[in-house]
Amino acid sequence: MDLREVKEFFIDTFKYFIIIAVVLFIVVYVCTLQQVVGPSMEPNLNNQDILLLNKLVFKFRDPARFEVITFQYENKQYLIKRVIGLPGENIVYKDNSLYIDDKLYEEPFLANLITEDFSLADLGYITIPKDMYLVLGDNREDSLDSRKFGLISKKDMVGKPFLRIFPFNKISFID
């Protein structure tokens with residue numbers, strides 16, 4: 001090998017190193033893959049769906065009502081749920097209807113699924129504290145969510161799933 005070949009080898013190697021570093025940076029800090037595990041978000045997201053997750057969004061803004069989020073649960077697993085209650089609100093489900101601060105809200109994403117009567121008072125709160133959120137699965141009859149484990153903190157939110165990439169016949173943006 002002459003000096004020119006050695007130089008080209010190191011330049012090419014450096015290019016690949018930069019590409020790998022950029023990809024790792026994106027995966028760790030910007031965007032990553034998330035797999036749906038279980039039936040709790042059916043019929044909108046199904047078991048084994050693979051989603052792209054925006055990890056930066058909640059660093060710049062608060063989650064919005066009815067937004068789908070991913071958060072860390074018990075320091076080891078990640079859950080995907082929908083934000084229902086925001087800080088400062090009182091939440092009540094009565095006769096399969098959502099009331100926020102005594103005002104009726106429609107949940108068009110539920111597709112005729114049943115939500116049993118529930119109130120924030122069942123968790124020991126009058127209103128949702130600052131930086132805390134009430135999250136529920138879309139499949140209310142089969143979901144591990146705030147009704148069982150309580151409110152979640154904004155600091156536990158990992159990001160917002162924004163695109164279903166698998167199965168390929170269901171590629172779509174997530175509301």
Are there over 12 heavy-atom neighbours, none belonging to D12, within less than 6.0 Å of that residue's CG? yes

Would you say the side chain of E42 lies within less than 4.5 Å of the side chain of E141, judging by non-hydrogen atoms? no

With R82 as the cation and F109 as the aromatic partner, state whether NZ or CZ is under 6.0 Å from the six-membered ring centre and within 45° of the axis. yes

State plainly whether one hydrophobic cluster holds both F118 and L151, where clusters connect Ile, Leu, Val, Met, Phe, Trp and Tyr through side-chain heavy atoms under 4.5 angstrom apart. yes

Heavy-atom distance under 4.5 Å between the side chains of I126 and L120, does that happen here? no

Linked, directly or transitively: V23 and L53 (ILVMFWY side chains, under 4.5 Å): no

With the threshold set at 4.0 Å, does a side-chain nitrogen-carboxylate oxygen contact exist between D62 and K154? yes

Honestly curious: do F168 and L163 fall in one hydrophobic cluster under the side-chain, below-4.5 Å linking rule? yes

Does CD in E116 sit with more than 12 non-hydrogen atoms of other residues, nucleotides or ligands closer than 6.0 Å? no

D138 side chain to N44 side chain, donor-acceptor N/O pair below 3.5 angstrom: yes

Between the side chains of K55 and T32, does any donor sit under 3.5 Å from an acceptor? no

Would you confirm whether the ring centroid of F149 sits within less than 6.0 angstrom of the ring centroid of Y73? yes

For a 4.5 angstrom cut-off between non-hydrogen side-chain atoms, does M157 reach I152? yes

Checking side-chain polar atoms at under 3.5 Å, does E89 have a donor or acceptor matched by the opposite partner on Y125? no

Provide the closest heavy-atom pair for F58 versus P63 in the form atom of the first, atom of the second, distance. CE2-CA, 3.5 Å

Residues D145 and S143: side-chain donor-acceptor under 3.5 angstrom: yes

Can a cation-pi geometry be assigned to K103 and Y105, taking NZ or CZ under 6.0 Å from the six-membered ring centre and within 45° of the ring axis? yes

Flag yes if F66 and I91 sit in one hydrophobic cluster, no otherwise; membership is Ile, Leu, Val, Met, Phe, Trp, Tyr, and two members link when side-chain heavy atoms are under 4.5 Å apart. yes

Just wondering, more than 12 heavy atoms not from K130 lying within 6.0 Å of its NZ? no

